[in-house]
Every structure is written in C-alpha cells, then in structure tokens.
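One structure is given here, and the rest of the page talks about it.
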Amino acid sequence: MMTPAFFSVALLLLVLLPGAPARKDSPESDSAESNSDESISAESNSVESISAEVAPTPNCVTPFSILVSNSVTNTPNKTYSTCVVYREILLGGMRRLQETNKGFRFTYTEDPNYGPYLQSVNGLKGSTKDRTYWELLVKKANETIRLNVGIGAFIPSENDQIILNFKEY
C-alpha cells in the first residue's frame, strides 16, 4: 500500500531532479515546443569556423568533440567541439553544433524501428550503390570503440571524441 509520504517524496524528487519535465508556463517548455517543428534533415547554420567555440547553452555541461573522417578518399580530418546537457543524446549535441558552426552539417532519416540513422555529414552522403556509410566510433582515453547504438541513443561522456568515419563496406 502506498502512503501519502511516499507520494510526497516522489513528487519532491520529480521537482528537484535534473531533467525533470518542465512546467507548461516555463520558458524551457516553450523552447522545447518550438524545437518539435524542426525538420529531420536539420540543415540550419549560423556562426563561423571549425574552431569556433560552443555557444553558451544553459546546463550544457558535457563537452566533447566530433572528428569527421573520410577513409574512402582520405581527405583531411576535421574536428569540431560541442557539448550536451546532462544525459543528452549525441543527436542533440550534433544539432547544437550545426546551429553554432556553419562548417558542420548533417542529415538523418528516422527509422520507425531503430530511430535516427545518420545519412550525410558535410554534404557527403552514404550510398548503397557505392557501398558507403557513416561509421560511428568513440575514442575514450586511448581506446577507440565502434558504437553499437546510433546518434539517437548514444550519450556522450565528458571529453569523448566521437568519430564519424565515412567508409565502404
């Protein structure tokens, strides 16, 4: 049997824990609603160069970098810096980067069973005809690991280096 004290504690935890749902009348809920109308291809741009710093975002506490690599044509790698809020997914950090750095663009499709699937980075699109795709890797300290989840499920840790590697299969 659940007591009134249990419900009071549960309510208190919902209010105090980070990431708790925003109240309808708060500014945070307004911004979340405005983001729901974004297109899946997320093609907006704004600031300047690859070395531009991450725009200040409230609660953006987990910095990480994204290295774009092309093992098909061996073009020079490009590294970008971004961040996520506490427990935010990689897709959110990539959107933030695209909004603050006009040198980084990406598109993805939404699979009904598996979630977001990365299609292109900086105009280079994977192709079944050419047998190419974007491999997702993460470098933690001195170890590089292939991700077993996509951009919609991976949660970056502080100072991770996410590697978006264009390759053939």
The criterion is side-chain hydrogen bond (donor to acceptor under 3.5 Å, both in side chains); which residues satisfy it with Asn122, sequence neighbours excluded? Tyr80
For Pro63 against Cys83, the heavy-atom pair lying closest together: CA-CB, 3.9 Å
Could you check if a side-chain atom of Leu91 sits within less than 4.5 angstrom of a side-chain atom of Tyr108, using non-hydrogen atoms only? yes
Do Val121 and Leu147 share a hydrophobic cluster (ILVMFWY, side-chain heavy atoms under 4.5 Å, transitive)? yes
Testing Tyr133, Trp134, Phe106 one by one against Phe166 for a ring-ring contact (aromatic ring centres under 6.0 Å, His included), which residue passes? Trp134
Answer with yes or no whether the hydrophobic clustering places Val68 together with Ile145; edges join I, L, V, M, F, W, Y residues whose side-chain heavy atoms lie under 4.5 Å apart. yes
Salt bridge (charged side-chain N to carboxylate O under 4.0 Å, His left out) contacts in which one or both residues fall within residues 114-123, not counting sequence neighbours: none
With rounding to the nearest 0.5 angstrom, report the CZ to CG distance, Arg95 to Leu90. 11.0 Å
Hphob cluster co-occupancy, Ile151 + Leu137, side-chain heavy atoms under 4.5 angstrom: no
Would you please name every residue forming a salt bridge (charged side-chain N to carboxylate O under 4.0 Å, His left out) with Lys167, sequence neighbours left out? Glu135
Partner set under side-chain hydrogen bond (donor to acceptor under 3.5 Å, both in side chains) for Thr73, not counting sequence neighbours: Asn70
Determine whether Tyr117 and Leu136 fall in the same hydrophobic cluster, where Ile, Leu, Val, Met, Phe, Trp and Tyr are linked whenever their side-chain heavy atoms lie under 4.5 Å apart. no
Compile the donor-acceptor pairs under 3.5 Å between side chains in residues 152-164 and protein atoms, sequence neighbours left out, one pair per line.
residue	atom	partner	partner atom	Å
Ser157	OG	Lys140	NZ	3.4
Asp160	OD1	Lys140	NZ	3.1
Asp160	OD2	Lys140	NZ	3.1
Asp160	OD2	Ser157	N	2.9

Mind checking the OG1-CD spacing from Thr132 to Glu168? Nearest 0.5 Å is all I need. 7.5 Å
Just checking, is any N or O donor in the side chain of Ser120 or Thr107 under 3.5 Å from an acceptor N or O on the other one? yes
Do Met94 and Val149 belong together in a cluster built from hydrophobic side chains that touch within less than 4.5 Å? yes
Return yes when atom CG of Asn113 has more than 12 non-hydrogen atoms of other residues, nucleotides or ligands closer than 6.0 Å, and no otherwise. yes
In chain order, what residues pass the side-chain hydrogen bond (donor to acceptor under 3.5 Å, both in side chains) check against Glu88, with sequence neighbours excluded? Arg96
Any Thr79 side-chain heavy atom under 4.5 Å of Ile66 side chain: no
Matching residue for Val85 among Asn59, Thr62, Val61 - test: side-chain contact (heavy atoms from CB on, under 4.5 Å): Asn59
